[in-house]
Amino acid sequence: MNELQKNLLNELQTGIPVVERPFLELSKRLGLEESTLIEEIRSLLEKGYIRRIGPIFDASALGMVGTLAAIAVPEEELDRVANFINRFEEVSHNYLRVAEGVPYNLWFTVSAKDNDELDRIISRIREEIEYPLIVLPTKRLFKIGVEFRL
């Protein structure tokens, strides 16, 4: 990865400007042509350095509900289960997290318009997966920022 790509990833982590042409604005900050910036982003996406670019909403401020959930999945079933969960548009994170003494290893978050929809999504996953699943509803929200400076 070159310095330009590192700088670009650092900028993308702090947020994309909410303007009519966000990549033009970002390219000005980095001293690039807009087309060069877009080509670099495409390259980073293709190489897997960027998974996706998208907004993060405060679901509760929008009147939505959310939860963290986890499933205890046998290793040989991880891909199948993760792929099934990823089919739900309401799932924003789905990741492997292994901790000693904790049987749950596949964690995901779900945001829905209300508790009925949230229950329907969790029930659908529970029916399909058939492995132990826990639901950990949001009780209190802590906002933390994480940046990985390159």
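Below, all heavy atoms of this structure are taken into account, side chains as well, without hydrogens, waters or symmetry copies. FYI, the numbering just counts along the sequence from 1.
- A distance of 8.5 Å separates CD1 in Ile71 from CZ in Arg126, rounded to the nearest 0.5 Å.
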Distance-only criterion, 3.5 Å: show the donor-acceptor pairs between side-chain atoms of residues 94-102 and protein atoms not counting sequence neighbours.
| residue | atom | partner | partner atom | Å |
| --- | --- | --- | --- | --- |
| Asn94 | ND2 | Ala82 | O | 3.2 |
| Asn94 | ND2 | Asn86 | OD1 | 2.9 |

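- Put simply, the side chain of Leu24 does not reach to within 4.5 Å of the side chain of Val19, judged on heavy atoms.
- At distances below 3.5 Å, not a single donor-acceptor pair connects side-chain atoms of Thr36 with backbone N or O atoms of Leu32.
- A 6.0 Å sphere centred on CD of Glu33 holds no more than 12 heavy atoms belonging to other residues, nucleotides or ligands.
- Side chain of Ser27 to main chain of Phe23: a donor-acceptor pair is present (N/O by atom type, distance under 3.5 Å, no hydrogens or angles).
- Between the CD atom in Glu25 and the CG atom in Leu30 there is a gap of 10.5 Å [rounded to 0.5 Å].
- Hydrophobic clustering (side-chain heavy atoms under 4.5 Å, transitive across Ile, Leu, Val, Met, Phe, Trp, Tyr) keeps Met64 apart from Val91.
- Side chains of Leu118 and Glu90 form no contact here, defined as non-hydrogen atoms less than 4.5 Å apart.
- Minimum heavy-atom separation, Arg149 to Thr14: NH1-CG2, 3.9 Å.
- Between atom CG of residue Asn10 and atom CD of residue Glu3 there is a gap of 9.5 Å, rounded to the nearest 0.5 Å.
- Using modelled atom types, one side-chain atom of Gln13 and one backbone atom of Phe148 make a donor-acceptor pair closer than 3.5 Å.
- Looking at every heavy atom in both residues, Ala72 comes nearest to Tyr104 through N-CD2, 3.5 Å.
- Annotation: side chain of Ile41 is in contact with side chain of Leu12 (closest heavy-atom distance under 4.5 Å).
- No donor-acceptor pair closer than 3.5 Å links the side chain of Thr109 to the backbone N or O of Leu68.
- The hydrophobic clustering, which links ILVMFWY residues whose side-chain heavy atoms are closer than 4.5 Å, places Trp107 and Val110 apart.
- When all heavy atoms of Leu26 and Pro17 are compared, the pair lying nearest together is N-CG, 4.4 Å.
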Pair Lys6-Glu11, side chain to side chain contact (heavy atoms under 4.5 Å, CB included): steps then yes or no: CA-CA 9 Å; Lys6 290 179 184 176; Glu11 284 293 321; over 6 Å; no
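- Of the inter-residue distances, the one linking Arg80 atom CZ with Ile85 atom CD1 reads 9.5 Å to the nearest 0.5 angstrom.
- Here the side chains of Ile50 and Ile53 are in contact, with some heavy-atom distance below 4.5 Å.
- Although no hydrogens or angles enter the test, the distance criterion places a donor-acceptor pair under 3.5 Å between the side chain of Gln5 and the main chain of Asn2.
- Looking at Ile134 and Leu136, their side chains come closer than 4.5 Å, going by heavy atoms from C-beta outward.
- In the displayed structure, Glu76 atom CD is contacted under 6.0 Å by more than 12 heavy atoms of other residues, nucleotides or ligands.
- Here the CZ-OG1 distance, from Phe108 to Thr67, works out to 8.5 Å after rounding to the nearest 0.5 Å.
- A salt bridge does not link Arg42 to Glu39: none of the charged side-chain nitrogens sits closer than 4.0 Å to a carboxylate oxygen.
- From Ile125, atom CD1 reaches atom CG of Leu133 across 7.0 Å, with rounding to the nearest 0.5 Å.
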Side chain to side chain contact (heavy atoms under 4.5 Å, CB included) evaluation trace for Asn7 with Glu40: CA-CA 11 Å; Asn7 290 337; Glu40 288 294 337; over 6 Å; no
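- By the 4.5 Å heavy-atom criterion applied to side chains, Arg124 and Phe84 are counted as neighbours.
- Counting heavy atoms from C-beta on, the side chains of Glu117 and Ile121 come closer than 4.5 Å.
- When side chains are defined from C-beta on, Met1 counts as touching Tyr49, because their heavy atoms get closer than 4.5 Å.
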